[in-house]
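One structure below.
Residue numbers begin at 1 in each chain, while the letters A, B, ... track the order of the sequences.
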Amino acid sequence: MKIVIAVLTVLCAASAQAATPAELLAGYRTEAAQQAAGFQPSAQRGAEFHARRFGVSAKLSSCASCHTDAPAQAGRHVVTDKSIKPLAPAANAERFTDPAKVEKWFKRNCTEVVGRECNPAEKADYIAFLTGGR
Amino acid sequence: MNKSLLLIALLPLAAYADDLRLPLNAPPAFQAECGSCHVAFPPQLLVADDWRRVMRSLDKHYGDNASLDEKTRQTLEDFHVRNAGGRKVGAGRTAPAGELPRLTQTDWFLREHREVPRADWTHAKVKTPANCAACHTRAADGSYREREIVMPNGKHRKD
């Protein structure tokens with residue numbers, strides 16, 4: 001029985017489309033390069049994006065509003081006060097390992113904070129920033 | 001059968017009347033979707049009709065767009081409706097027409113929290129009455145026992 005459970009666990013984990021932050025970054029980079037030839041992800045641009053105050057939402061004005069200036073730290077939702085695990089994969093190994101989850105939160109948070117969906121170049125820059133460009 | 005035996009038989013029911021524990025049959029999406037931005041609120045806190053209203057207007061979710069794909073949304077609506085409160089916990093609808101129901105505004109919630117001073121509600125750490133975890137230290141695990149309460153000033157409920 002234990003073996004069956006172990007096998008099922010492995011299968012379920014595999015079906016959740018595990019990925020690494022580097023693979024996700026490479027995917028967005030390829031997409032971005034198709035839109036603008038020669039695109040290179042920039043951790044610096046990602047850092048600026050993280051700190052930029054978009055002014056679309058009064059309370060959720062920037063990524064840093066909830067995720068703090070230091071993404072290796074835990075954050076806090078400014079409206080509900082719920083604690084948020086660190087964004088940086090170095091501090092939270094779960095981050096950027098589930099493509100569907102990553103897309104879901106980019107879509108939701110970009111719409112709310114930036115006022116539109118983020119493009120592949122912005123996503124690539126952002127992951128480059130959070131992974132320290134590695 | 002004498003009366004005391006009958007009372008003993010009914011005791012477990014009484015103990016469960018205020019039970020806010022999260023149902024064991026919760027779909028994985030419950031924590032993943034309902035527990036990301038706020039504590040995954042026990043479905044017992046609103047009546048079924050109110051949950052239907054909440055779950056059918058996720059694009060306008062208390063100032064946020066919390067839209068889900070239709071399959072996940074329906075799964076979660078069914079879960080909330082199936083486990084909704086009403087007989088005791090979560091009873092007493094107060095939301096005016098056109099406004100979303102709030103689980104912090106049911107008669108039951110207000111009665112349970114009637115002893116909480118205003119200063120605690122407006123404490124900087126609390127931010128919103130829906131921030132259960134501000135005082136209910138194990139709210140994230142779905143546990144709201146009296147002895148787990150720590151007020152924002154650090155005092156225990158029974159101090």
With hydrophobic residues grouped by side-chain heavy-atom distances under 4.5 Å, do B:V116 and B:W108 end up in a single group?
yes

When B:V39, B:D64, B:V126 are compared by non-hydrogen pairs under 4.5 Å with chain A, the top option:
B:D64

For residues 74-94 of chain A, which residue pairs pass the salt bridge (charged side-chain N to carboxylate O under 4.0 Å, His left out) check, not counting sequence neighbours?
A:R76-A:D81, A:D81-B:K127

Chain A heavy atoms under 4.5 Å from B:A66: which part of the residue, side chain, backbone, both or neither?
both

Engaged part of B:S36 at the chain A interface, taking heavy atoms whose separation is under 4.5 Å
both

Hydrophobic clusters here meaning ILVMFWY residues chained together by side-chain heavy-atom distances under 4.5 Å, can you tell me if B:L22 and B:L76 are in one?
yes

Is chain A contacted by the side chain of B:D69, its backbone, both, or neither, given a heavy-atom distance below 4.5 Å?
neither

How about B:R118: does its CZ atom have over 12 heavy atoms from other parts shown lying under 6.0 Å from it?
no

Please tabulate, one pair per line, all N/O donor-acceptor pairs under 3.5 Å involving side-chain atoms of residues 38-47 of chain A, not counting sequence neighbours.
from  : atom 1 : to     : atom 2 : distance (Å)
A:Q40 : OE1    : A:R29  : NH2    : 2.8
A:S42 : OG     : A:Q44  : N      : 3.3
A:S42 : OG     : A:R45  : N      : 2.9
A:Q44 : NE2    : A:E48  : OE2    : 3.1
A:R45 : NE     : A:D125 : OD2    : 2.7
A:R45 : NH2    : A:Q40  : O      : 2.8
A:R45 : NH2    : A:D125 : OD1    : 3.1

Under 4.5 Å, counting heavy-atom pairs only, tell me which of B:C132, B:A140, B:S67, B:G35 racks up the most with chain A.
B:G35

Give a yes or no on whether A:R53 atom CZ has more than 12 heavy-atom contacts from other residues, nucleotides or ligands under 6.0 Å away.
no

Count I, L, V, M, F, W, Y as connected when their side-chain heavy atoms are under 4.5 Å apart, and connections chain through other members. Are A:F54 and A:V78 then in the same cluster?
yes

Examine B:M151 and B:Y144 and state if one hydrophobic cluster contains both, with Ile, Leu, Val, Met, Phe, Trp and Tyr joined whenever side-chain heavy atoms are less than 4.5 Å apart.
yes

Pairs touching residues 62-73 of chain A that satisfy salt bridge (charged side-chain N to carboxylate O under 4.0 Å, His left out), sequence neighbours left out:
none

Output the residues of residues 103-114 of chain A for which the shortest heavy-atom distance to chain B is under 4.5 Å, in residue-number order; output 'none' if no such residue exists.
A:K104, A:W105, A:R108, A:E112

What one should report as the nearest heavy-atom pair of B:T128 and A:T80 is CG2-CA, 4.1 Å

